[in-house]
Undergrad: 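Below you will find the structure I want to go over with you.
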Amino acid sequence: MQLFSTFETTGFLEMAISTLEKKGIHKDSIFAVPLDNRAEERKILDNIHRSDGTSLIDIGMGLATAFSVIGASIGFKLAWGPIYWGLIGAFVGFVLGFAIRLFMELVIKKKKKVLKGKHSEVILIVDCEEAQAELVEDVLWRHYALGVAKVR
């Protein structure tokens, strides 16, 4: 039976391997494979097949609403009237909000995207007898494996 598990590169991985060796699993039956990290830059704009869950227009829509109300209110006293000034205010608010959000994604959050979340960095493969599978799985979970799978 084979057990596959993923770990972050921490001391818990080393502790799990040494605990497995103490429990009777031979070194030849334990195989650790480090994963390569993503090298390409993240894309800012989404398409129909891929989305990262962030929106670039959320702040723009809020500011467009606020600026259109202000523009329409002030437009009663101006020459073009409330409708034109409301549309102008909505456009200016949307462009301003979109620019703010784009700046946040490109400059501020670019540094945080690398550090955010837990990433599987090592795959640990353990060959063992079926009778030892529960013991091995318990050891892996106790040493903070991110995921464990069994294959018979």
Side-chain angles (χ1 to χ4, degrees), residues 1-73 86-152:
M1 174 172 265
Q2 286 185 330
L3 278 94
F4 295 86
S5 60
T6 56
F7 283 89
E8 289 182 308
T9 307
T10 61
F12 292 114
L13 173 63
E14 299 296 328
M15 290 171 29
I17 292 171
S18 65
T19 304
L20 289 172
E21 289 174 356
K22 288 178 187 175
K23 299 285 184 177
I25 307 296
H26 298 286
K27 278 188 178 180
D28 300 336
S29 300
I30 301 172
F31 187 64
V33 180
L35 296 174
D36 293 331
N37 290 332
R38 176 179 224 96
E40 72 181 47
E41 290 287 323
R42 289 184 176 252
K43 294 184 171 84
I44 293 175
L45 298 176
D46 298 337
N47 58 30
I48 195 167
H49 302 291
R50 183 202 57 82
S51 175
D52 60 357
T54 60
S55 174
L56 294 176
I57 64 168
D58 54 352
I59 296 175
M61 289 298 188
L63 288 180
T65 303
F67 280 36
S68 67
V69 170
I70 293 169
S73 298
L87 291 173
I88 291 169
F91 179 75
V92 169
F94 180 79
V95 169
L96 180 66
F98 184 79
I100 290 169
R101 186 65 168 175
L102 193 62
F103 176 76
M104 286 172 52
E105 289 293 322
L106 289 177
V107 177
I108 296 171
K109 288 191 178 180
K110 184 177 184 181
K111 299 173 190 170
K112 292 182 183 179
K113 281 186 182 180
V114 176
L115 303 174
K116 186 178 180 181
K118 295 189 179 218
H119 304 287
S120 298
E121 294 182 356
V122 177
I123 298 175
L124 185 68
I125 303 169
V126 181
D127 285 324
C128 64
E129 299 297 323
E130 201 162 329
Q132 296 174 314
E134 290 297 320
L135 172 76
V136 172
E137 183 178 9
D138 184 51
V139 167
L140 295 174
W141 283 122
R142 279 191 286 126
H143 289 90
Y144 304 106
L146 296 177
V148 176
K150 293 184 214 175
V151 177
R152 292 184 193 340

Undergrad: How close do V136 and C128 get, counting heavy atoms only, and between which atoms?
TA: CG2-SG, 4.1 Å
Undergrad: Is there side-chain contact between M104 and I59, with heavy atoms separated by less than 4.5 Å?
TA: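 Of all side-chain heavy-atom pairs linking I59 with M104, at least one is under 4.5 Å.
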Undergrad: I'd like to check D127 versus F31 (side-chain heavy atoms, cut-off strictly below 4.5 Å). Are they in contact?
TA: no
Undergrad: Should T9 and P34 count as side-chain neighbours, where that means a heavy-atom distance under 4.5 Å?
TA: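 Answer no - side chains too far apart.
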Undergrad: Report the distance from atom OG of S29 to atom CD of E129, rounding to the nearest 0.5 Å.
TA: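 Spacing of OG (S29) from CD (E129) equals 8.5 Å.
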Undergrad: About how many Å separate CD1 of I25 and OG1 of T19, when rounded to the nearest 0.5 Å?
TA: 11.5 Å
Undergrad: Compare every heavy atom of V148 with every heavy atom of S5, then report the nearest pair and how far apart it is.
TA: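 Between these two residues, the closest heavy atoms are CB-CG2, 3.9 Å.
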Undergrad: Roughly how far, to the nearest 0.5 Å, is CG of L87 from CZ of F67?
TA: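 The CZ atom of F67 sits 15.0 Å away from the CG atom of L87.
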Undergrad: So do R101 and I57 actually touch side chain to side chain, heavy atoms under 4.5 Å?
TA: no
Undergrad: Using the test salt bridge (charged side-chain N to carboxylate O under 4.0 Å, His left out), find all partners of E134 that sit at least two apart in sequence or belong to another chain.
TA: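 K150.
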Undergrad: For the residue pair W141 and G147, what are the closest heavy atoms and their distance?
TA: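 Heavy atoms of W141 and G147 come nearest at CH2-CA, 4.0 Å.
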Undergrad: Any idea which heavy atoms bring S68 and A90 closest together, and the distance?
TA: CB-CB, 3.7 Å
Undergrad: Give me the atom names and distance for the closest heavy-atom approach of L3 to A133.
TA: CD2-O, 4.0 Å
Undergrad: Please report the interatomic distance CG(L146) to CG(L140), rounded to the nearest 0.5 Å.
TA: 11.5 Å
Undergrad: Can you tell me how far apart CD1 (I70) and CG (L63) are? Round to the nearest 0.5 Å.
TA: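 Atom-to-atom, I70:CD1 and L63:CG are 9.5 Å apart.
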Undergrad: For Q132 versus G24, what's the shortest heavy-atom pair and its separation?
TA: NE2-O, 4.3 Å
Undergrad: Can you measure from CZ (F98) to CG (D58) and round to the nearest 0.5 angstrom?
TA: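 So the gap between those two atoms works out to 11.0 Å.
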